[in-house]
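Scroll down for the structure; my scribbles are underneath it.
Only heavy atoms go into these numbers, but all of them, side chains included; no hydrogens, no water, no symmetry mates.
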Amino acid sequence: MPRKDLRIIDTGTDHHFVEVSSDSSCSCCDTAAHGTHEDGKDGFDIKAQLSVFGLSAALFVVGLYYRSELHDTPFSIGEYIAFISSYLIAGWPVLSNAARNILRGRVFDENFLMSIATLGAIAIHELPEAVGVMLFFKAGEFFQELSVARSRRSIKSLLELRPDFASVLVDGELKSVPPEQVKVGDTIVVRPGERIPLDGEVLEGSSQVDTSALTGEPVPRSAGVGDVVLAGMINTRGTLTLKVLKPFSESSLAKILQLAESAGDRKAPTEKFITSFARYYTPIVVLISVGIAVVPPLVIPGASFSDWLYRALVVLVISCPCALVISIPLGYFGGVGGASRRGILVKGSNFLDALTQVKTIVFDKTGTLTKGTFKVTDVVPHNGALREELLRWAALAESQSNHPIAQSIMSSYKGKLDASMVKDYQEIAGHGVKAAANGSMIVAGNDKLMHVEKVRHPVCDVEGTVVHVAVDGEYKGYIVISDELKDDAHQAMRELKALGVRNLVMFTGDNQKAAEGIAKRLGLDSYRAELLPDEKVSALEKLMREQRHGKVAFVGDGINDAPVLRRADVGIAMGELGSDAAIDTADVVLMNDRPSKVAEAISIARKTHRIVWQNISLALSVKGVFIVLGIFGIATMWEAVFADMGVALAAILNATRALRWTGRALPRPILGAAFGR
């Protein structure tokens, strides 16, 4: 069979789908590998293939039935007519492709092997075996193409998220236009049952939206006025009127489709090895076969040239590397596709392989292990300040910030606030904020900021994020802000430990006490607190240098943690559904905010890896056995082609298992400082 590289193509007018294309290392009957036919657009015409096979098989049976009557008679030409006609009908695509590839300089492929083997059989008057090889080959090719077509349909279904049209509201009328032609600011209407075509903000209406195509989660999400919905979601109930926020090319859906298209460009080391292996393997096999045919008759007394030529032809047939060069790319692509179904975007098969080797995982805290929904849990005034006064100063300083901590302080302050009073606002990354208000300079931030401003303050040994407040250099007190662990955080840690991840680490910009509390509750192996963004990179590099075995993954929100996501062996961005930064930065993108998806991604990667190596072991072992049997004259050409096609088909069927992941590989679950700025 041909080497077939799976890739996604864009028809321009139709949905994306997977094309299986030939490569120089092993290309065969391209008539079945390309094109769109009437039988479901799946790559080959079933009726036509069956008709060709049926006609060839009928002529083969006729030749076998009358062979003894025609052989060694004046009418022996009839035997040749039946067998050669059957041979040409079944084998013409192989012969023509072999000739075409030779003219292109691509000599050593499976077409060449099959052509030489069968023409050699005809030359030594083994007509039934020559035709039988082509018929077996044709039958095996049919079932292989059927398996590939099914995989193609499965993978295609993952990418049928591209909306066909958008209903744009123009002068009170709805017009259906391609999503690519809709502009930012246009108003579109999405009826119940329709797929949302572009990212947009709800202007009118309320509904439930199905996000499973993006996240892999079946639970619907409420959408009302002011909410943002993303392209690819399905509106399940009421009619929604949306204001378009991004052009289609910049939507989260378009980025996801682009990732799926380019996933095949990043090949795993195993894929690269097999590609190189097939390139050198086939010429070596041809040379060995020539040696089998020529050397023994010259050195072994009484050896028959025709007998050893036949054995060489058997070796040629069994040596075809199709099982490897088809099933391995298909297995990896199935793994990427299966992960996508679960809301896990893997940017290439190389990252699937890397996930199987992860032994240390570093988690960001806020928004990754915790919900990132802060609330003020304590207000502690100092130096004669009042509680409401302390909150007001902090709220004034934070009024220009959209940081979650700032929002929690603003929500906690119940009085009236005139934000126009705030002047000279300055946000200090990883420390806090400074601002002038009513002629006073207000400083609000973590312990580091107090040291920078030389403000004397107490050491706060409390669990939670601490925001110290000083006015004109005088310490006024501190505010404690707490976050909640995500519902599946404990489950994620247990599953990762059960999968053999040795070291679970947390990096955070929060204070020591808050970090220690989270680490203890989750059973983490270690943690680093009060880290600035650049310090996270240094801490990760130190951890990677200390790591003797396996790879280090970092899990963050994809926005604040872009540098450390890029530096890790595997960067995993989670949460922030549709975040551009998450999609652009990380190697793996989790399209929801559940840390347990990290364990799921590793399990899918390991299953894919097992399937790939099962196929390699199966193909090499069976071929090795039959090559030896062929050399010793035990295996016939019939058995050789049956073994070759059987192994290829079994490997392809096994590779399609990578598309299906049921969760069985997972273990059963057992029942500070101003953050990052």
Side-chain angles (χ1 to χ4, degrees), residues 6 151 154-155 158 215-216 256 259-260 262-274 327-363 491-504 544 547 549-556 565 568-574 582-583 586-592 594-617 651 654-667:
L6 293 161
S151 299
S154 299
I155 299 168
L158 300 174
T215 67
I256 291 169
L259 282 182
S262 61
D265 296 338
R266 297 184 173 100
K267 295 185 182 297
T270 309
E271 279 187 280
K272 294 178 180 177
F273 167 75
I274 291 300
S327 65
I328 289 172
L330 181 61
Y332 277 115
F333 200 88
V336 172
S340 298
R341 284 179 167 175
R342 307 290 300 180
I344 302 167
L345 298 180
V346 184
K347 292 187 177 180
S349 57
N350 56 328
F351 298 122
L352 273 182
D353 262 9
L355 279 172
T356 66
Q357 303 171 49
V358 168
K359 294 300 179 184
T360 295
I361 300 180
V362 182
F363 290 89
Q491 173 192 340
M493 300 306 113
R494 287 193 298 266
E495 290 178 346
L496 288 169
K497 280 294 186 183
L499 285 170
V501 178
R502 299 171 186 167
N503 197 15
L504 297 176
M544 293 171 71
Q547 178 88 359
H549 304 288
K551 294 185 179 294
V552 177
F554 182 86
V555 187
L565 279 168
D569 292 325
V570 184
I572 304 174
M574 63 178 308
I583 292 175
D587 307 316
V588 179
V589 181
L590 310 182
M591 296 304 291
N592 61 32
R594 296 178 57 193
S596 59
K597 283 287 184 180
V598 177
E600 195 171 310
I602 291 175
S603 295
I604 292 172
R606 289 184 180 179
K607 176 181 178 179
T608 303
H609 192 261
R610 283 196 303 273
I611 287 171
V612 166
W613 280 98
Q614 285 169 4
N615 285 344
I616 292 174
S617 301
N654 190 39
T656 60
R657 290 174 48 234
L659 276 168
R660 300 183 295 276
W661 189 84
T662 60
R664 293 175 184 171
L666 279 176

Determine the minimum heavy-atom distance between [X] and [Y], stating which atoms define it.
X      : Y      : result
Leu590 : Arg594 : CD1-O, 4.3 Å
Ala658 : Thr608 : CB-OG1, 4.2 Å
Asp587 : Asp569 : OD2-O, 3.8 Å
Leu355 : Ala601 : CD1-O, 4.0 Å
Gly571 : Ala586 : O-CB, 3.4 Å
Tyr332 : Leu352 : O-CD1, 3.8 Å

Quick check: do Thr360 and Arg502 have side-chain heavy atoms less than 4.5 Å from each other?
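They are not in contact (no side-chain heavy atoms under 4.5 Å apart), so the answer is no.
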For residues Met574 and Lys597, determine if any side-chain heavy atom of one lies less than 4.5 Å from a side-chain heavy atom of the other.
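Answer no - side chains too far apart.
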Given the rule in the side-chain contact (heavy atoms from CB on, under 4.5 Å) test, do Asn503 and Lys359 qualify, once you have shown the distances and angles that lead to the verdict?
CA-CA 6 Å; Asn503 197 15; Lys359 294 300 179 184; over 6 Å; no
Euclidean distance, Lys551 NZ relative to Thr356 OG1, rounded to 0.5 Å
9.0 Å
Just to verify, what does Lys497 make a salt bridge (Lys or Arg N to Asp or Glu O under 4.0 Å) with, not counting sequence neighbours?
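With neighbours one apart ignored, the set is Asp525.
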Which residues pass the side chain to side chain contact (heavy atoms under 4.5 Å, CB included) test with Gln614, not counting sequence neighbours?
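For Gln614, the residues satisfying side chain to side chain contact (heavy atoms under 4.5 Å, CB included) (neighbours in sequence not counted) are Arg610, Ile611, Asn654, Arg657.
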The criterion is side chain to side chain contact (heavy atoms under 4.5 Å, CB included); which residues satisfy it with Ala553, sequence neighbours excluded?
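In terms of side chain to side chain contact (heavy atoms under 4.5 Å, CB included), with neighbours along the sequence ignored, Ala553 is linked to Val358, Ile361, Val570, Ile572.
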Does Asn615 use its side chain to pair, donor to acceptor, with the backbone of Ile328 at less than 3.5 Å?
no
Treating Arg606 as the side-chain partner and Leu499 as the backbone partner, does any N or O pair qualify as donor plus acceptor under 3.5 Å?
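Side chain of Arg606 to backbone of Leu499: a pair is present.
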